[in-house]
Amino acid sequence: MPLSSKPTLSRCLPTSPNMLSITSTAQASISEARILVQGHTRQDRPDDEAQKKLDKTIRTIKAHFSSRHWESSLELQLDHELVHSRQITQLLDKIGADYYYDEGTLFMFAMLTSIHESLGSFAVSCLNRLMIEILTPEEARNFYADVSSVRLNGRIKTDSTKRQAINKSPDQAFVFVDPQTQRSYRTVIFESGFSETYEDLIIDMKRWLLFSCGQVQLVILADINKDKKHLLNQKKSCSYRHRAAKILEDFGNERGKSKHGDILSCICQGDKASDTSSTLTEELDYKIDDIVQVEDWVGPITVDFEFWVLKDSQPHRRDRGRVFPEPTTPSLAIYAGDVIPLSYQGNIPNFNPSRKLYLDLETFQRRLLGGIRDDAVSRAWEFVCPNSQDDGDDDYQG
């Protein structure tokens with residue numbers, strides 16, 4: 001069974017770099033806050049004070065992305081010497097964060113969860129097709145999809161700072177259960193590189209193939225890349241600011257409107273501004289989903305699939321191809337020999353390991369496009385109605 005008139009804009013740039021109110025995470029410690037209130041001592045030199053501010057900013061970013069606030073965005077107002085700091089930029093790139101600078105403010109977006117989860121959803125659809133189209137009923141009944149963790153007893157020697165946990169969970173996995181011993185084998189692993197570098201994605205692949213005690217026979221990597229520069233330019237455009245102002249006016253709460261007062265100034269002079277108090281009580285005849293433009297909130301994305309197997313006891317890339325936005329390799333396939341454990345194949349009469357299922361890349365594109373739109377709407381909502389979890393955060397001044 002399958003598993004389950006062109007408008008005139010009044011002003012489209014912030015009128016002051018200080019108009020944006022800044023919040024940080026609740027994880028910023030009391031000891032960090034003391035840095036702000038102690039002020040200069042006689043022993044503090046200007047370089048010492050700048051280093052303190054840099055260290056505090058880095059600690060705040062790390063605390064944010066290691067906490068539940070990873071699912072919300074963060075804005076930090078930085079002193080001039082910290083804007084475009086190489087250390088801050090390197091940290092954000094290593095984390096895999098979406099970010100951009102606007103004058104003296106650093107904006108960091110929440111993780112795009114729906115985009116990330118689209119790979120797992122696609123993997124389940126692939127297993128459904130394998131069970132129906134390729135495998136025999138006797139083989140198919142032994143499979144299910146699962147994302148539970150597996151113990152990997154080994155680490156890859158690398159200069160990367162990526163944590164190599166002993167217990168690791170895949171984005172999705174095909175699990176075969178030996179009907180005789182009831183032992184489970186995770187034979188095919190799916191991993192997405194959306195929130196990490198390609199180098200870190202390769203580390204994940206090597207650990208699965210080398211340290212899973214022979215369970216994993218195929219690792220499918222989805223290397224997802226975002227055009228951050230394009231998104232930054234989009235957010236600097238007058239058209240984006242006007243659309244964001246419209247969404248903020250119609251759907252924003254008081255916190256959102258106060259936080260983004262500079263954006264509200266982009267409402268067209270010719271448009272009659274709606275009464276804020278009535279907007280909160282009157283029901284609009286459209287939803288935010290109807291007016292969100294994806295490119296305002298999520299930059300262009302490309303996705304490459306890589307298929308890795310063991311060859312002569314070493315990881316070997318069997319296939320690679322661009323799958324989004326336009327597929328360049330339509331013949332990516334999963335074989336029966338990939339999903340049935342090698343140790344069990346001899347128990348199946350006349351087993352044919354060369355049976356293969358070509359991936360339905362159109363299905364992946366649909367899943368990914370749906371995830372992109374969902375994340376764009378989520379980011380728009382977070383922009384106009386900041387999460388209540390931020391209410392307890394202390395104001396941050398870099």
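Worth saying up front: this structure is predicted, and the values here are computed from it rather than measured. Residues take their numbers from the sequence shown, with the count starting at 1.
Side chains of Asp178 and Pro341 form no contact here, defined as non-hydrogen atoms less than 4.5 Å apart. Put simply, the side chain of Arg320 reaches to within 4.5 Å of the side chain of Asp304, judged on heavy atoms. Contact check for Lys246 versus His242: no side-chain heavy atoms found under the 4.5 Å cut-off. You'll find the side chain of Val298 reaches within 4.5 Å of the side chain of Ile115, heavy atoms only. At least one side-chain heavy atom of Leu359 sits under 4.5 Å from a side-chain heavy atom of Cys126. Contact annotation: the side chain of Arg186 never approaches that of Ser212 to less than 4.5 Å [non-hydrogen atoms, C-beta and beyond]. Leu218 has its side chain out of reach of Phe174: every pair of non-hydrogen atoms, C-beta onward, lies at least 4.5 Å apart. Here the side chains of Thr329 and Pro327 are not in contact, with every heavy-atom distance at 4.5 Å or above.
Here the shortest heavy-atom pairing between Ser184 and Val177 reads OG-CG2, 3.9 Å. Between Arg318 and Ala333 the shortest heavy-atom distance is NH2-O, 3.3 Å. Residues Glu295 and Gln293 come closest through the heavy atom pair OE2-OE1, 2.8 Å. Minimum heavy-atom separation, Asn253 to Pro386: OD1-CD, 3.5 Å. The shortest non-hydrogen separation linking Ile156 to Gln164 is N-OE1, 2.7 Å. Residues Asp262 and Arg241 share a closest heavy-atom pair of OD2-NH1, 3.9 Å.
Placement of Phe351 and Ile334 within a single hydrophobic cluster is found when ILVMFWY residues are connected by side-chain heavy-atom separations under 4.5 Å, directly or transitively. Hydrophobic clustering of Ile, Leu, Val, Met, Phe, Trp and Tyr side chains at less than 4.5 Å, counting indirect connections, unites Ile340 with Phe190. Residues Phe307 and Leu221 are members of separate hydrophobic clusters, defined by side-chain heavy-atom contacts under 4.5 angstrom among Ile, Leu, Val, Met, Phe, Trp and Tyr. By the rule that hydrophobic residues join a cluster once side-chain heavy atoms approach within less than 4.5 Å of another member, Leu209 and Tyr198 end up as members of one cluster. When hydrophobic clusters are built by joining Ile, Leu, Val, Met, Phe, Trp and Tyr residues whose side-chain heavy atoms come closer than 4.5 Å, directly or via intermediates, Leu332 is grouped together with Phe324.
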Residue pair Arg86, Thr89: steps toward the side-chain hydrogen bond (donor to acceptor under 3.5 Å, both in side chains) verdict: CA-CA 5 Å; Arg86 184 176 181 181; Thr89 299; over 6 Å; no
Worked check of side chain to side chain contact (heavy atoms under 4.5 Å, CB included) between Leu210 and Leu152: CA-CA 9 Å; Leu210 298 175; Leu152 300 178; over 6 Å; no
Working for ring pair (Phe, Tyr, Trp, His ring centres under 6.0 Å), residues Phe305 and Phe364: CA-CA 11 Å; Phe305 276 1; Phe364 174 73; 4.9 Å; yes
Trace of the side chain to side chain contact (heavy atoms under 4.5 Å, CB included) decision for Thr363 with Arg367: CA-CA 6 Å; Thr363 295; Arg367 301 286 173 90; 4.2 Å; yes
Leu357/Glu133 under side chain to side chain contact (heavy atoms under 4.5 Å, CB included): CA gap, chis, key distance, verdict: CA-CA 8 Å; Leu357 176 78; Glu133 301 175 22; 3.6 Å; yes
Test log, rule side chain to side chain contact (heavy atoms under 4.5 Å, CB included), inputs Ile220 and Phe122: CA-CA 12 Å; Ile220 299 178; Phe122 174 67; over 6 Å; no
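Within the 3.5 Å criterion, the main-chain N or O of Ile134 finds a donor-acceptor partner in the side chain of Arg355. Proximity of a side-chain donor or acceptor of Asp338 to a complementary backbone N or O of Tyr335 within less than 3.5 Å is detected. Without hydrogens or angle criteria, Asp146 side chain to Ser148 main chain gives a donor-acceptor distance under 3.5 Å. Remark: the backbone N or O of Ser114 is paired with a side-chain donor or acceptor of Asp375 at under 3.5 angstrom. Checking side-chain atoms of Gln365 against main-chain N and O of Pro325 turns up a donor-acceptor pair under 3.5 Å. The backbone N or O of Pro179 sits less than 3.5 Å from a side-chain atom of Gln182, completing a donor-acceptor pair. For the pair Arg243 (side chain) and Asp296 (backbone), a donor-acceptor distance under 3.5 Å is absent. Checked by atom type and distance alone, the side chain of Asn233 never pairs as donor or acceptor with a backbone atom of His230 at under 3.5 Å. Between the side chain of Ser258 and the main chain of Arg255, no donor-acceptor pair closer than 3.5 Å is present. Formation of a donor-acceptor pair under 3.5 Å by the Gln345 side chain with backbone atoms of Gly337 is found in this model.
Ring planes of Tyr240 and Trp297: perpendicular class, angle over 60° (limits at 30 and 60°).
Note on Glu191 versus Arg207: no salt bridge recorded, every NZ/NE/NH1/NH2 to OD/OE distance being 4.0 Å or above. Note on Arg129 versus Asp360: no salt bridge recorded, every NZ/NE/NH1/NH2 to OD/OE distance being 4.0 Å or above.
From Ser85, atom OG reaches atom CD1 of Ile58 across 6.5 Å, with rounding to the nearest 0.5 Å. Rounding to the nearest 0.5 Å gives a distance of 9.5 Å between CG of Leu127 and CD1 of Ile132. In this structure, Leu106 CG and Thr57 OG1 are separated by 8.5 Å, a value rounded to the nearest 0.5 Å. Separation of atoms CD1 (Ile301) and CG (Leu368) is listed at 6.0 Å; rounding is to 0.5 Å. Note that CD of Glu199 is 8.0 Å distant from OG of Ser160, once rounded to the nearest 0.5 Å. Here CD1 of Ile189 is found 9.0 Å from CD of Gln172. Values are rounded to the nearest 0.5 Å.
Two rings, from Tyr344 and Tyr185, have their centers 6.0 Å or more apart.
No more than 12 heavy-atom neighbours from other residues, nucleotides or ligands sit within 6.0 angstrom of CD on Glu362. By the neighbour-count criterion of 12 heavy atoms within 6.0 Å, atom NZ of Lys206 is sparsely surrounded, having that number or fewer from other residues, nucleotides or ligands.
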